[in-house]
Number of protein chains: 2
Amino acid sequence: MSSPDKVFDALASTTRRKILAYLRDRPLHAGAIAARFDMSAPAVSKHLSILEGAGLIWKRREGQFVLYGMDQGNLAGHLWAFMQEVCPPSRTLRREVRAEHEAGEGQPPEARRAE
Amino acid sequence: MSSPDKVFDALASTTRRKILAYLRDRPLHAGAIAARFDMSAPAVSKHLSILEGAGLIWKRREGQFVLYGMDQGNLAGHLWAFMQEVCPPSRTLRREVRAEHEAGEGQPPEARRAE
DNA sequence: TAATGAATTAACTGATTAGCTAAAAGGTGT
DNA sequence: ACACCTTTTAGCTAATCAGTTAATTCATTA
């Protein structure tokens, strides 16, 4: 499973998105996270391992506890890459870029787009 | 199912993300989309209806064909809202905001965080 | 109206997923 | 070693999902 696949898969669960929101400001122990959900600790643990596998959070053992925290850069990076792939630039920006290209080289802009 | 739920659910499939990428530059007929995948037309049709239900694409009948196109604003809007919810602002921005709060009211910033 | 083509809906199947409980693993302290 | 606590793994079940083929809907054209 490719990395973006794992990321979008991880984000597809409301529970997991909530976990990310909880971790937004500070790391939390596994127990503290589980306490906020109406489900068993093993269920939450599985969600955490999916988030970790997607590279969205890190974990560190601290004595008998396990601390989890966000990997903010990775989440932002993946979403950003996706936006670039799927959302075209605004019309005015696109016009600017085309003008630059046509001034500088003989290639039409279509020839440079990823296929 | 809430709207962001539908959006992330829609994005969780590689096939559906590919469809969005195909629609990035121009609308396409259902058949033209299905032709790019190694699966039956009904399967693709189901993917399209999930994307439509999430508000990520629109559809319009054109004679016997059905044209599909992206709803770029919606996709960008949802991802942006999510980023805001989950990715904290930069440290310096956060310091600024805290300074404002502490100047204005007696509550520490923690008391204002979602529980 | 009948025939054809495009797309969707219906009905079904196999695989995956989310949850549970019970058991194990890892760490602390007596 | 033992008891205790936190967390994860194993094994299971019910529900959901992605795909299939067959049948239906909608539009066109003879």
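The figures that follow rest on heavy atoms only: side chains count, while hydrogens, waters and symmetry mates do not. A, B, ... follow the sequence lines: proteins, then strands. Residue 1 opens every chain.
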Fill in: side-chain hydrogen bond (donor to acceptor under 3.5 Å, both in side chains) partners of B/Asp5, counting only residues at least two apart
A/Thr14, A/Arg17
Practice prompt. Extract, from 5' to 3' on DNA chain D, the first and final nucleotides lying under 4.0 angstrom from some heavy atom of chain B.
Written response: D/dA18 to D/dT28
Practice prompt. Describe the nucleic acid contact of B/Tyr68 in one word from base, sugar-phosphate, nothing, applying a heavy-atom distance below 4.0 Å.
Written response: sugar-phosphate
Worksheet item: Can you tell me how far P of C/dA18 sits from CG of B/Asp5, to the nearest Å?
Response: 13 Å
Discussion item. What is the separation between atom CZ on A/Arg60 and atom P on C/dG26, rounded to the nearest whole Å?
Written reply: 20 Å
Worksheet item: Taking the side chain from B/Trp58 and the backbone from B/Met70, do they hold a donor-acceptor pair closer than 3.5 Å?
Response: yes
Fill in: d(CE, A/Met39; C1', C/dT21) in whole Å
16 Å
Practice prompt. Considering just the side-chain nitrogens and oxygens of A/Arg16, establish if one lies under 4.0 Å of OP1 or OP2 belonging to C/dA18.
Written response: yes
Discussion item. Rounding to an integer number of Å, can you tell me how far A/Arg61 CZ sits from C/dG27 C1'?
Written reply: 7 Å
Discussion item. Rounding to an integer number of Å, can you tell me how far B/Gln64 CD sits from C/dA7 P?
Written reply: 8 Å
Worksheet, complete the sentence: When A/Lys59 and B/Asp9 are each assigned the nearest nucleotide of DNA chain D, the 5'-most assignment goes to A/Lys59
Worksheet item: Just by distance, do the side chain of B/Arg26 and the backbone of B/Leu28 share a donor-acceptor pair under 3.5 Å?
Response: no
Practice prompt. Over all heavy atoms of both residues, which pair between A/Leu48 and A/Tyr68 is shortest? Give the atoms and the distance, please.
Written response: CD1-CE1, 3.6 Å
Worksheet item: Quick check: does any side chain N or O of A/Arg16 sit under 3.5 Å from a backbone N or O of A/Ala10, one acting as donor and the other as acceptor?
Response: yes
Worksheet entry | Nearest-0.5 Å distance that lies between atom CD1 in B/Ile50 and atom CG in B/Leu11 | 11.5 Å
Worksheet, complete the sentence: Of B/Pro42 and A/Thr15, the one whose closest nucleotide on DNA chain C sits nearer the 5' end is B/Pro42
Discussion item. From NE2 of A/His29 over to C1' of C/dG26, roughly how many Å is that when rounded to an integer?
Written reply: 15 Å
Worksheet item: In terms of ring plane angle, is the pair B/Phe65 and B/His29 parallel, tilted or perpendicular, where the classes change at 30° and 60°?
Response: parallel
Worksheet item: To the nearest angstrom, how far is B/Leu67 atom CG from C/dT8 atom P?
Response: 11 Å
Practice prompt. Under 4.0 Å from any atom of DNA chain C, heavy atoms only: list the residues of residues 44-53 of chain A that qualify, in numerical order.
Written response: A/Lys46, A/His47
Discussion item. For the aromatic rings, using the six-membered ring if either is Trp, is the centroid distance between A/Phe8 and A/Phe82 under 6.0 Å?
Written reply: yes
Item to complete: Scan B/Ala30 against the nucleic acid and name what it touches under 4.0 Å (heavy atoms): base, sugar-phosphate only, or nothing.
Response: sugar-phosphate
Worksheet item: OG1 of B/Thr15 to CG of B/Asp38: how many Å apart, nearest 0.5 Å?
Response: 10.5 Å
